[in-house]
Q: 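I'd like to ask some things about the structure below.
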Amino acid sequence: MGFLEDLGLPPELVALALNVLNGSMFLGGILVKLPQIINIGRTLTVKGFSEVSLATEFLACLSYCAYNLKMGFPFKTWGEMALIAVQVGIQMVLYWSLTTERSGGFRWHLGRLAFC
């Protein structure tokens with residue numbers, strides 16, 4: 001907040017600017033995977049998606065959120081990643097319901113790892 005305070009702006013305006021910026025970051029987090037989810041829903045195909053890449057991204061998002069939650073950081077600092085994790089989770093469910101490929105026991109192991 002130092003830069004905005006150095007401009008001589010009132011603290012209320014600085015707080016408003018930071019809240020608007022934070023809200024726009026959350027909006028951006030919502031829009032990261034939404035076009036892909038809409039496209040999957042429209043075409044009902046997951047051709048071009050990789051189960052392993054979705055699983056890796058989902059686990060990375062989950063671990064990032066779990067770390068920040070455990071450390072007690074405010075939701076404003078990591079909430080965007082939580083929104084992305086939800087979207088990647090939706091992509092995984094869509095992938096599993098629409099794919100024709102066999103994955104063996106990968107889904108079961110991923111589920112166990114995610115909930116440990």
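Below, all heavy atoms of this structure are taken into account, side chains as well, without hydrogens, waters or symmetry copies. Note that the coordinates shown come from a computational prediction; the quantities given were computed from them, not determined experimentally.
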Q: Under 6.0 Å from the CZ atom of F75, do we count more than 12 heavy atoms belonging to anything else shown?
A: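 Atom CZ in F75 is crowded, with more than 12 foreign heavy atoms closer than 6.0 Å.
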
Q: Mind checking whether V93 and L54 sit in one hydrophobic cluster, side chains of I, L, V, M, F, W, Y counted as touching below 4.5 Å?
A: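 The answer is no; the residues belong to distinct hydrophobic clusters.
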
Q: Side chains of L34 and L31: closer than 4.5 Å at any heavy-atom pair?
A: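 Touching, per the 4.5 Å side-chain cut-off.
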
Q: If you take all heavy atoms of N39 and R42, which pair is closest and at what distance?
A: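 Looking at all heavy atoms of both residues, the closest pair is OD1-NH2, 2.5 Å.
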
Q: Are I38 and L27 connected in a single hydrophobic cluster, I mean Ile/Leu/Val/Met/Phe/Trp/Tyr linked by side-chain heavy atoms less than 4.5 Å apart?
A: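 Yes, L27 and I38 fall within the same hydrophobic cluster.
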
Q: Looking at NZ of K33 and SG of C61, how far apart are the two atoms once the value is rounded to the nearest 0.5 Å?
A: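 Answer rounded to 0.5 Å: 8.0 Å.
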
Q: For the side chain of T99 and the backbone of W96, is there at least one donor-acceptor N/O pair under 3.5 Å apart?
A: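 Checked: no pair found.
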
Q: Answer whether the closest heavy-atom distance between the side chains of L69 and W78 falls below 4.5 Å.
A: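 Yes - at least one pair of side-chain heavy atoms lies under 4.5 Å apart.
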
Q: Just how far is it from atom CD of E57 to atom CD1 of I84, taken to the nearest 0.5 Å?
A: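 Here the interatomic distance stands at 7.5 Å.
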
Q: For F73, is there any backbone N or O sitting under 3.5 Å from a side-chain donor or acceptor partner on T77?
A: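 Answer holds: no.
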
Q: How long is the span from the CD1 atom in I30 to the CD atom in E80, to the nearest 0.5 Å?
A: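 Going from CD1 on I30 over to CD on E80, the span is 10.0 Å.
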
Q: Quick one: does L98's side chain get under 4.5 Å of I40's, heavy atoms only?
A: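 Of all side-chain heavy-atom pairs linking I40 with L98, at least one is under 4.5 Å.
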
Q: Out of curiosity, does Y95 fall in the hydrophobic cluster containing V32 (side-chain heavy atoms, cut-off under 4.5 Å, transitive links)?
A: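 Yes: a chain of side-chain contacts under 4.5 Å links V32 to Y95.
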
Q: How long is the straight-line distance from CE of M81 back to OG of S63, given to the nearest 0.5 Å?
A: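 Reported to 0.5 Å precision, the distance equals 9.0 Å.
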
Q: Look at the side chain of Q87 and the backbone N and O of G29, then say whether any donor-acceptor pair between them is shorter than 3.5 Å.
A: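 Answer holds: yes.
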
Q: Less than 4.5 Å apart, any side-chain heavy atom of I37 and any of L94?
A: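 In short, these two side chains touch, coming nearer than 4.5 Å.
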
Q: Is the shortest heavy-atom distance from the side chain of V20 to the side chain of M25 under 4.5 Å?
A: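 No, their side chains stay 4.5 Å or more apart.
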
Q: So, do F49 and Q36 sit near enough that their side-chain heavy atoms are less than 4.5 Å apart?
A: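 Yes, at least one pair of side-chain atoms sits under 4.5 Å.
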
Q: If you measure from CD on E51 to CD on Q91, what distance do you get to the nearest 0.5 Å?
A: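 The CD atom of E51 sits 13.0 Å away from the CD atom of Q91.
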
Q: Is it true that a side-chain atom of N22 and a backbone atom of L18 form a donor plus acceptor pair closer than 3.5 Å?
A: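 Such a contact is absent between N22 side chain and L18 backbone.
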
Q: Would you say the side chain of M71 lies within less than 4.5 Å of the side chain of N68, judging by non-hydrogen atoms?
A: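 Side chain of N68 against side chain of M71, heavy atoms only: no contact under 4.5 Å found.
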
